[in-house]
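Okay, structure first, notes after.
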Amino acid sequence: MPRVNKDSKATKRTSAKRTAIAGQASPARRHQLTAQELQQLAPIPETLRPGLDVLFVGINPGVVSGVKQLHFGNPQNFFWPGLFQSGLIPEAIQPEDGHRLAAEWNMSIVNLVQRTTPSTSDLSRQEMRDAVPELCRKISANPPRVICFVGKGIYEIFVGSSKITLGLQDSVYDLDAPLNASLGPPLCQHDSIDQSSAAYLFVMPSTSGRTAAYQNPVKLQYFQQLKYVRDCATSASPIDDKHLNTLGPQTRSKYFQT
């Protein structure tokens with residue numbers, strides 16, 4: 001009877017295991033780029049037009065999104081599942097079908113900063129602050145009904161304050177106000193302006209898989225609240241704060257304290 005080499009078998013098992021693990025590597029690991037290669041990536045195309053129901057604002061493309069030229073392109077990101085599970089869109093789609101968001105459901109996506117980085121920590125606060133006037137220009141030139149910031153940190157940069165809460169904001173974006181970069185975004189209190197001349201402001205947690213502070217079931221609640229705000233905005237109906245709070249975490253916004 002031939003002798004079996006146990007060491008050889010063990011080596012083969014180890015090799016097979018390593019191959020399997022390599023096959024399961026995250027998309028980010030599969031797209032390791034040099035700094036020069038990152039700089040050569042083009043900005044992800046944006047679809048903008050007046051009258052969008054929701055304009056989503058992301059911070060900047062990650063490596064997977066930048067390489068694929070897709071918004072929220074990492075399969076670990078909860079953005080696309082959140083849209084479907086909340087009812088904001090009627091069917092589940094992949095990032096590759098993201099163009100349908102504007103074409104069929106009147107929503108779209110822009111980024112605060114256009115350049116791709118491995119992590120948002122690779123962006124300086126100054127670079128993000130410098131991008132705010134251009135974001136305001138895009139919003140004012142293409143007035144949406146609701147502006148949703150996908151990440152609390154983005155909105156903190158946008159308004160220049162860390163004293164904000166998630167959910168519906170007490171301020172609205174004045175779509176008719178002239179832009180002045182030195183004054184910041186044209187925000188005002190919701191009760192001081194005709195809502196037809198303003199866009200609701202909504203802030204949700206980052207949908208990145210790296211955001212451990214908020215798990216997907218909680219992120220989904222913010223998507224559900226956003227859907228309600230979207231539905232009210234498109235039907236010109238008042239927002240019922242009690243109903244809004246049944247859909248997710250109770251808002252601490254001053255929006256209803258008038």
Side-chain angles (χ1 to χ4, degrees), residues 21-49 52 54-84 89 92-105 107-142 144 147-158 181 185 203-212 214 216 219:
I21 292 174
Q24 297 170 3
S26 69
R29 289 183 181 274
R30 292 197 297 269
H31 293 292
Q32 296 283 356
L33 302 182
T34 65
Q36 183 178 1
E37 289 171 330
L38 286 172
Q39 291 177 354
Q40 292 173 345
L41 291 175
I44 298 177
E46 299 175 343
T47 301
L48 287 169
R49 62 171 180 263
L52 290 168
V54 181
L55 179 64
F56 291 95
V57 181
I59 188 164
N60 80 305
V63 174
V64 176
S65 295
V67 169
K68 293 182 176 181
Q69 288 287 281
L70 299 171
H71 290 288
F72 301 106
N74 194 317
Q76 298 175 359
N77 196 292
F78 187 67
F79 180 80
W80 298 105
L83 288 179
F84 169 63
I89 59 176
I93 63 173
Q94 299 300 314
E96 289 76 11
D97 296 319
H99 61 278
R100 297 179 61 192
L101 192 62
E104 299 180 31
W105 302 305
M107 294 179 280
S108 196
I109 305 165
V110 296
N111 283 309
L112 175 63
V113 176
Q114 301 301 307
R115 75 181 183 95
T116 297
T117 61
S119 170
T120 56
S121 62
D122 295 309
L123 300 175
S124 70
R125 294 187 69 84
Q126 187 61 52
E127 181 178 9
M128 290 186 283
R129 283 194 293 265
D130 290 345
V132 170
E134 175 61 14
L135 175 60
C136 290
R137 187 199 65 77
K138 292 178 181 178
I139 293 171
S140 295
N142 302 276
I147 306 166
C148 177
F149 294 83
V150 188
K152 185 179 178 182
I154 310 172
Y155 192 67
E156 290 177 346
I157 293 293
F158 186 72
V203 182
M204 66 169 56
S206 169
T207 55
S208 169
R210 298 179 180 180
T211 306
Y214 297 92
N216 289 348
K219 294 177 184 179

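Because the structure is a prediction, the values reported are computed rather than measured.
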Starting at [atom1] of [X], measure out to [atom2] of [Y] and round the result to the nearest 0.5 Å.
X: L52; Y: M107; atom1: CG; atom2: CE; answer: 9.5 Å
X: D130; Y: L123; atom1: CG; atom2: CG; answer: 11.5 Å
X: R125; Y: E156; atom1: CZ; atom2: CD; answer: 7.0 Å
X: F158; Y: I139; atom1: CZ; atom2: CD1; answer: 4.5 Å
X: Y155; Y: I59; atom1: OH; atom2: CD1; answer: 15.5 Å
X: L70; Y: N77; atom1: CG; atom2: CG; answer: 12.0 Å

Sorted by chain and number, sequence neighbours left out, side chain to side chain contact (heavy atoms under 4.5 Å, CB included) with S124 holds for Q126, E127

Across all chains, not counting sequence neighbours, the side chain to side chain contact (heavy atoms under 4.5 Å, CB included) partners of P118 are L38, V63, D122

Of the non-hydrogen atoms in [X] and [Y], which two are nearest, and what is the gap between them?
X: T117; Y: T120; answer: OG1-N, 4.3 Å
X: G73; Y: K68; answer: O-NZ, 3.7 Å
X: V203; Y: G151; answer: CG1-O, 4.2 Å
X: T34; Y: E37; answer: N-OE1, 2.8 Å
X: E134; Y: R137; answer: OE2-NH2, 2.8 Å
X: G58; Y: F72; answer: CA-CZ, 4.5 Å

For [Y], does its backbone N or O pair with a side-chain atom of [X] as donor and acceptor, under 3.5 Å?
X: Q69; Y: P45; value: no
X: E104; Y: L101; value: no
X: S108; Y: T47; value: yes

Derivation and outcome, side chain to side chain contact (heavy atoms under 4.5 Å, CB included), residues I93 and W80:
CA-CA 7 Å; I93 63 173; W80 298 105; 3.7 Å; yes

* I would like to know whether S206 and S208 meet side chain to side chain donor-acceptor pair (under 3.5 Å); could you show each step before the answer? => CA-CA 5 Å; S206 169; S208 169; 4.7 Å; no

Exercise. Are F56 and F79 close enough that their ring centers fall under 6.0 Å?
Worked result: yes

With a 4.5 Å limit on heavy-atom distance, are the side chains of L112 and V132 in contact? yes

Within-4.5 Å side-chain heavy-atom neighbours: E46 and H71: yes

(message) For the CD atom on Q36, are there more than 12 heavy atoms of other groups (residues, nucleotides or ligands in this structure) within a distance under 6.0 Å?
(response) no

**Message:** Test side chain to side chain contact (heavy atoms under 4.5 Å, CB included) on V64 and Q76; report intermediate values, then the result.
**Reply:** CA-CA 10 Å; V64 176; Q76 298 175 359; over 6 Å; no

